[in-house]
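Reckoned from all heavy atoms, side chains included, excluding hydrogens, waters and symmetry mates. Chain letters run A, B, ... following the sequence lines, proteins first, then strands; residues in each count from 1.
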Amino acid sequence: MSKNLVIVESPAKAKTIEKFLGKDFHVLSSFGHIRDLAEKGFGIDFENNYQPQYEVPKDKQKLVGDLKKAAKESEIVWLASDEDREGEAISWHLFEVLGLTKERTKRIVFHEITKNAILEAIENPREIDINLVDAQQARRVLDRIVGFELSPVLWRKIKPSLSAGRVQSVAVRLIVDREREIQKFSSEASYRVTAVFLVTDKNGKPVELKAELQNRIKTKDQALQFLEKCKNAQFQIENIVTRPAKKSPAPPFTTSTLQQEAARKLGYSVSQTMIIAQKLYEAGLITYMRTDSVNLSSLALNTAKAEITSMAGEKYVHVRQFHTKSKGAQEAHEAIRPSYMNQHEINGTNQEKRLYELIWKRTIASQMADAELEKTTATINISTTTEKFIANGEVLTFDGFLRVYMESTDDEGEQENSTMLPPLKVNDNLNIQTIVAQERFTQKPPRYAEASLVRKLEELGIGRPSTYAPTISTIQNRGYVEKGDREGELRTFTTLTLKGDVINDAEKQETFGSEKAKLFPTDIGIVVTDFLNEYFPNIMDYNFTANVEKEFDNIAEGETKWTKTIDTFYKQFHPVVEASKARSDHKVGEHILGTDPKTGRQVSVKIGRFGPVAQIGIADEEEKPLFASLLKNQSMETITLEEVLELFKLPRIVGKFEDKEMSVAIGRFGPYIKHDNKFISLPKEEDPMTITAETAIALIQKKRQDDANKVIKVFPEDTELGLLNGRFGPYISYKKKNYKIPKKQDPALLTYEDCIKLIEEEDKSDKPKKKKRFTKK
DNA sequence: CAGTGAGCGAGCTTCCGCTTGACTT
């Protein structure tokens, strides 16, 4: 055994570091935190000054045992977890759990995985910073209190299994607030006026010069008046200004900017990006992918410089060190960059290749020279009015970093590619070709996509690089938010065209506002957010995290005791929770739409056990109430009495087939036909209210056909056993459980005995399943 | 995997941040 044991957080890091340190050092990994508050209950002793009750979780016990053993066999244990609040706490937990002593324990930190950085860290050990650890304990305990006090209130008031927390509830609020902004938004029209002139280029050939009127025009009448004025006007170049301009490269990637760019340029979801990046990291191709730092190691800077020089020449090099702007950044790691700058591309899946290329380009570009431009603005005078046309031109005089990388933006605004202007002189008279006044509308604020929500959270200092992707998943899994598309709407707009002496007035149509893979709040999300906003405005405040972070900083500085901070918070927070529980009115979010004209009973909507539900009658009445789930595209906020009454027209009998009734209804998975106790989903284009018996029969027969194709083989020995074709290829179905078939095996050749063998093998290897924690559907 | 939602009551759900696998419908 080695004399020295080094413990880091990540196994990939351990492998790299071991190479730098040589034989006397053995490097192991803690795989993140090794201890946490007790899983059940609060895990906090409220009677005893908020003493945390820590436990080693089941899946960490073996690891902790191994670490203990390794520590015992080593002379010195080097705790090398990250240099941030969480990392310090990990070191402290290791110290406590492994039973280490101060004499033979050293705490070291490094921000980059380079040999020099690590050797230097070994030269400069320190002790565990208990103040920083306390700041982490405060963070942990606060999050537990907020989450575990609020969630049960939601179970009681709205629906079981819901959740609330410092991060997720604010994330949902952002989406709900944005949705309301969009609803409130009314777009304003104005006229954008563009002119096309004919001028001659260097060779005497006619070319077009496009220019835009300085200000937009408010109304159609005014636009017409303007065009009238232009009919007999002279157009003359009044002024030409040319000025140099620069574009600078974006900083290298952090977790959040990588997620944004991968979404924009490659169309990856936030979690997809992280999974692919993890692969690249484990293969040693990139640095750590969960980071808030834009910092690059000096090694990286030097090798990037060399790479750019050999690729493009020294002129293209501009070494920069960027600085993190985001709130609450802890900068324990480098920016995300390629491990080796001279590796332009990699082997791997297509997705891995593309993500790597993106990271490589962004990193290299960040160390390249600014792009240089020459911007030209020509002002064009109109003889009959004081208004001016402006023509903009742009010439790239030096491409600089643009040679490898251009950052994308979320703006879908009307951007015109600026190009070079033809040669112009002041006082030149211009030949007008057309002037077009086109009606344009102000745009609704866009809904958040996954990545733009992450950007907003980061901006507010809410959440950490390691939690962005899980948070996005959580709010979708809880049913607060749904990712979806919205089809664009059609609208007409007016285009006025002046050509010669004639003004043409035309109406055209365009679609607008279509959105893809955006986050929409559900009724549950809206009701939960409204409820939390009402009772817990402090927690829901966009600045709540930033405010408590200041408190944590004070603890880290040793100015405040962490239990004092928690005590102050809890004494204020807990009574509010109790008060919200005591509220004895009906379900939160319930509202009454009117009365059923047939029975005179009350019609209302609320969040039920299975989501939004409409109800006729109330529970206390002698006659039981009737219920019907809202449709996917309906919202509790906007649904009308008429629409609700429609819902109760189902189930509807559409006719008979083979002497059995066919009925249509809407279930958990959408509209379906029920016939002979079998269920058949309706395709999207069929409306359950209008579907005919003929169509229904056709669907039933199609379903029978499909089912027949599904079966590869059945066995006379046992009717419960079947070989079937499924979404993931052939499989064995037995007693309602599914079993795999080995890939190389031809399923058609399997005998009854083969199948039973496969089933027994798989049942045997079925390990006791872990609690479903992340993958709950 | 499917028409649920009363009422009774037991027992469960839940947070955020560090880390990787295991796991397949």
Side-chain angles (χ1 to χ4, degrees), chain A residues 8-13 29-37 39-43 59-60 63 81-82 84-87 89-90 93 136 139-156 159-169 278 281-282 288 290 330 332 462-468 470-471 474 478 545 587 606-611 613-615 617-629 650-651 663-674 677-681 726-728 731 736-738 740 766-767 769-770 772 774-777:
Chain A
V8 294
E9 289 182 40
S10 142
K13 208 182 202 179
S29 152
S30 73
F31 293 79
H33 275 293
I34 53 147
R35 226 170 41 158
D36 192 14
L37 296 178
E39 206 180 340
K40 278 201 180 137
F42 276 87
D59 55 337
K60 291 281 185 167
L63 170 81
S81 49
D82 298 342
D84 57 15
R85 202 162 62 202
E86 298 297 326
I90 288 173
H93 282 300
Q136 193 274 348
R139 199 278 306 154
R140 182 68 193 92
V141 167
L142 178 101
D143 282 339
R144 175 57 70 87
I145 291 175
V146 171
F148 278 34
E149 289 247 9
L150 287 185
S151 299
V153 181
L154 299 182
W155 304 343
R156 179 153 21 162
K159 189 172 115 84
S161 303
L162 294 178
S163 64
R166 174 176 59 81
V167 172
Q168 59 169 289
S169 295
Q278 175 91 30
Y281 168 68
E282 282 167 15
Y288 198 56
R290 290 185 278 260
Q330 308 203 7
I462 299 170
R464 305 277 317 134
S466 66
T467 60
Y468 294 140
T471 301
T474 300
R478 296 272 177 274
T545 291
K587 281 218 142 179
K606 67 175 186 188
I607 303 284
R609 265 205 291 155
F610 309 104
V613 65
Q615 179 175 350
I618 47 177
D620 301 341
E621 287 168 353
E622 199 171 329
E623 198 181 341
K624 279 182 196 171
L626 300 169
F627 296 93
S629 289
L650 295 173
S663 64
V664 179
I666 293 168
R668 264 216 289 163
F669 309 105
Y672 64 88
I673 307 167
K674 189 181 175 191
N677 273 323
K678 291 197 179 71
F679 297 89
I680 297 134
S681 290
R727 266 202 298 159
F728 307 99
Y731 67 98
K736 305 214 159 166
K737 269 184 79 177
N738 298 332
K740 280 183 288 188
D766 238 4
K767 284 160 211 152
K769 274 185 185 162
K770 264 199 298 183
K772 297 183 278 182
F774 310 106
T775 51
K776 219 166 115 188
K777 279 196 180 163

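The side chain of A:R166 sits closest to B:dC16 out of B:dC16, B:dT19, B:dT20. Checked against B:dC15, B:dA2, B:dT19, the side chain of A:F679 finds its nearest nucleotide in B:dA2. For A:R144, the side-chain atoms get nearest to B:dC15 when compared with the rest of B:dC15, B:dC18, B:dG17. When distances are taken from the side chain of A:S10 to each of B:dC15, B:dG17, B:dT19, the shortest belongs to B:dT19. Checking B:dT14, B:dG17, B:dT20 against every side-chain atom of A:Q168, the shortest atom distance belongs to B:dT14. The side chain of A:E282 approaches B:dG21 more closely than any other nucleotide in the set B:dC16, B:dG21, B:dA2. Proximity note for A:Y672 (side chain, C-beta onward) versus B:dC18, B:dT19, B:dA2: the nearest is B:dA2. Side-chain proximity of A:D82 to the nucleotides B:dC16, B:dT20, B:dC18 is greatest for B:dC18.
Taking the charged nitrogens against the carboxylate oxygens, A:R290 and A:D82 have no contact shorter than 4.0 Å, which rules out a salt bridge.
Separating the CD atom of A:Q136 from the P atom of B:dT19 is a distance of 13 Å, rounded to the nearest angstrom. For A:D36 and B:dC18, the CG to P distance is 12 Å, given to the nearest whole Å. Between the P atom of B:dT20 and the NE2 atom of A:H33 lies a distance of 13 Å, rounded to the nearest Å.
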Identify the pairs formed between an N or O of the protein and an N or O of nucleotides 5-7 of chain B at a distance under 3.5 Å, and give each distance.
from	atom 1	to	atom 2	distance (Å)
B:dG5	O6	A:S629	OG	3.2
B:dG5	N2	A:F610	N	3.1

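For B:dC18, one of the phosphate oxygens OP1 or OP2 lies less than 4.0 angstrom from a side-chain nitrogen or oxygen of A:R464. Contact between the side-chain N/O atoms of A:Y468 and the OP1/OP2 oxygens of B:dG17 is not found at any separation under 4.0 Å. Residue A:S151 has no polar side-chain atom (N or O) positioned under 4.0 Å from OP1 or OP2 of B:dC15. Regarding contacts with the backbone of B:dG17, a side-chain N or O of A:T467 is found under 4.0 angstrom from either OP1 or OP2. Put simply, A:R35 has no side-chain N or O that comes within less than 4.0 Å of OP1 or OP2 on B:dG17.
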Symbol by symbol from the 5' end, with Watson-Crick or G-U pairs under 3.5 Å, [ ] crossing and | another strand, DNA chain B is .........................
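Once the 5.5 Å centre distance and the 30° plane angle are applied, the aromatic ring of A:F148 is found not to be stacked with the base of B:dC15.
Taking the side-chain contact (heavy atoms from CB on, under 4.5 Å) definition, one finds that A:I618 meets it with A:Q602, A:E621, sequence neighbours left out.
No hydrogens or angles were tested; on distance alone, nothing pairs the side chain of A:R290 with the base of B:dC18 as donor and acceptor under 3.5 Å.
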